[in-house]
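Comments concern the structure below.
In each ligand, atom 1 is the first atom listed, and ligand 1 is the first ligand listed. By convention here, the first residue in the shown sequence is residue 1. Computed from a predicted structure; not experimentally measured.
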Amino acid sequence: MNELSKISPRLADLVGVSGGPMPASLYTDPEQYELERERIFRRAWLIAGREERIPEPGQYFVKEIPVLNVSVIVTRAKDGKIRAFHNVCSHRGNHVVMDKEGKASRFTCRYHSWTYKNTGELIGVPDEGGFFDFDKKKCGLTPVACDLWDGWIFINLQPQPEVTLKQFLGPFGEQFANIPYPHADNCLILTGEIKANWKCLADNFSEFYHIQSIHPKTLAPVYAGKENPCSRPIDAGSFGPHRSLAGWLNTGYAPPANWTVVRWLYPANQTVTGTQQEGQVNPLAEHPRVNPSKRADWSSDVNWIFPNWHIQISASRFWTHEFWPRTRNTSSWEARFYQPKASSVRERLQLEHFTATIADAFLEDLANIESTQSGMESGAKSFVYLHEGEVLVRHSLEQVDKWTRSARVADALS
Ligand code: FES
């Protein structure tokens, strides 16, 4: 056993995937994209948001699903229940809600003022007597299947979902339940429109192999080191279509001596994404599925919920990424970094430093994601080759292939 294999176990075996090259057409083929639209995004349970976004009755937000040209209102009514509806008026089809979020017990379409309760019923139609054989009860907002798991709101765009959210999440839902997410009501949001297939975008945030190449100053000092120069992960697993990876930490890292402000901002050896300090008890890191092998040289976990959502967790914080297809080779990206509200100058400066560092790292990522898509579009290469550390990319592609070949969701989940 060499030194590196002591750090990083056989990840492909842990995840249960093969090792051969994968077709580049998965990222470029128009027919593949159409299959993904219909067989993945129209059938899978999709993340809509965190329930803390709408804690009070009447609060709502609108979730756009560009891959299906769908707009969904997610709202909490007086009974406390969260419901979802297509954001489409029963009169002539205008969008009913134009704001991204807000608070209202009823929604009025701005075109001709049809009005709906936030439980979906149509309650107001100007000059109602002018319509023919009109039954208001049949003209409410069209419901969208909606369910919650551990504070996360999911929607499903099948009129009758083939499987429940519980069945869709399977063992992942059981093992990753009850994670004590800190500061779940407050987040910094970063978004972008990227010229790349949604999988090319998601892949980037699921592997550490690229860190020493494109993040030499921002992330590599923390996530790579002499013992592990290519940031081989320390653990991995798969849970039906979902997957997880644990990243390595350079425990010898310390900000350079002349970074006096950074040294003042953070405790010794603390990293920008949060590292467990010796002797520190952090409920987040105690959860059995966070840093599952409970190693001291752990930086953070990437949990990738099929198809397009990551929850990433370090010892002191969590953040999410959503990757939404817009076309075959364009995507929308949204990251949410959950964090405490600053209560001192030092905490405020920590947040500013965090934001600046993360934004720099993402800019380094994004340029390479777009040029990767462009290279694949050229048709020069028929296959991509995946390193063992890119095991989540491989599992994702295998699951995408499985879902697009499966006539029924039950077959895709089997
Ligand atoms: Fe909504 Fe006419 S389209 S009221």
Side-chain angles (χ1 to χ4, degrees), residues 33-34 36-38 40-148 152-162 165 189 191 193 198 308 322 324-327 330-332 334:
Y33 179 70
E34 288 307 316
E36 290 173 10
R37 271 169 58 102
E38 295 306 322
I40 295 179
F41 288 93
R42 209 179 288 283
R43 303 194 302 181
W45 283 87
L46 303 170
I47 186 65
R50 183 88 202 152
E51 70 171 334
E52 285 85 351
R53 280 181 77 176
I54 46 173
E56 295 170 22
Q59 286 187 305
Y60 66 87
F61 64 88
V62 173
K63 187 74 184 173
E64 305 292 348
I65 313 288
V67 58
L68 298 172
N69 297 323
V70 165
S71 174
V72 177
I73 308 166
V74 181
T75 180
R76 191 189 289 272
K78 214 163 45 185
D79 59 5
K81 192 170 168 196
I82 293 176
R83 296 175 175 83
F85 301 98
H86 282 278
N87 184 15
V88 177
C89 182
S90 304
H91 177 217
R92 274 172 41 207
N94 195 15
H95 288 308
V96 176
V97 177
M98 298 294 177
D99 299 330
K100 284 191 172 152
E101 58 190 10
K103 189 171 183 183
S105 58
R106 54 187 59 189
F107 305 118
T108 299
C109 178
R110 69 182 182 186
Y111 204 171
H112 311 88
S113 296
W114 282 33
T115 298
Y116 305 84
K117 280 168 75 171
N118 64 1
T119 43
E121 298 91 344
L122 176 63
I123 53 170
V125 176
D127 197 11
E128 187 178 333
F131 286 93
F132 304 89
D133 300 325
F134 183 62
D135 183 353
K136 215 157 60 178
K137 285 200 187 67
K138 292 185 180 157
C139 294
L141 294 171
T142 304
V144 171
C146 176
D147 202 354
L148 268 81
W152 299 104
I153 306 165
F154 285 80
I155 54 175
N156 187 300
L157 291 163
Q158 287 187 306
Q160 299 291 334
E162 288 176 57
L165 175 60
I189 305 169
T191 62
E193 300 297 319
W198 67 278
N308 66 330
E322 296 176 28
W324 292 103
R326 298 193 77 85
T327 67
T330 61
S331 310
S332 295
E334 181 186 279

Legend entry - With Lys78 via salt bridge (charged side-chain N to carboxylate O under 4.0 Å, His left out) - residues at least two apart: none
Legend entry - Salt bridge flag under 4.0 Å for residues Lys63 and Glu322: yes
Legend entry - Sub-6.0 Å ring centroid separation between His95 and Phe107: no
Inset, instruction - Would you check if the distance from the ring center of Phe41 to the ring center of Trp198 is below 6.0 Å? - result: yes
Legend entry - Side-chain touch Val144/Asn156, heavy atoms, less than 4.5 angstrom: no
Legend entry - Flag side-chain contact, heavy atom, 4.5 Å: Val72 against Leu157: yes
Inset, instruction - Mind checking how many protein N/O/S atoms fall short of 2.8 Å from atom 2 (Fe) of ligand 1? - result: 2
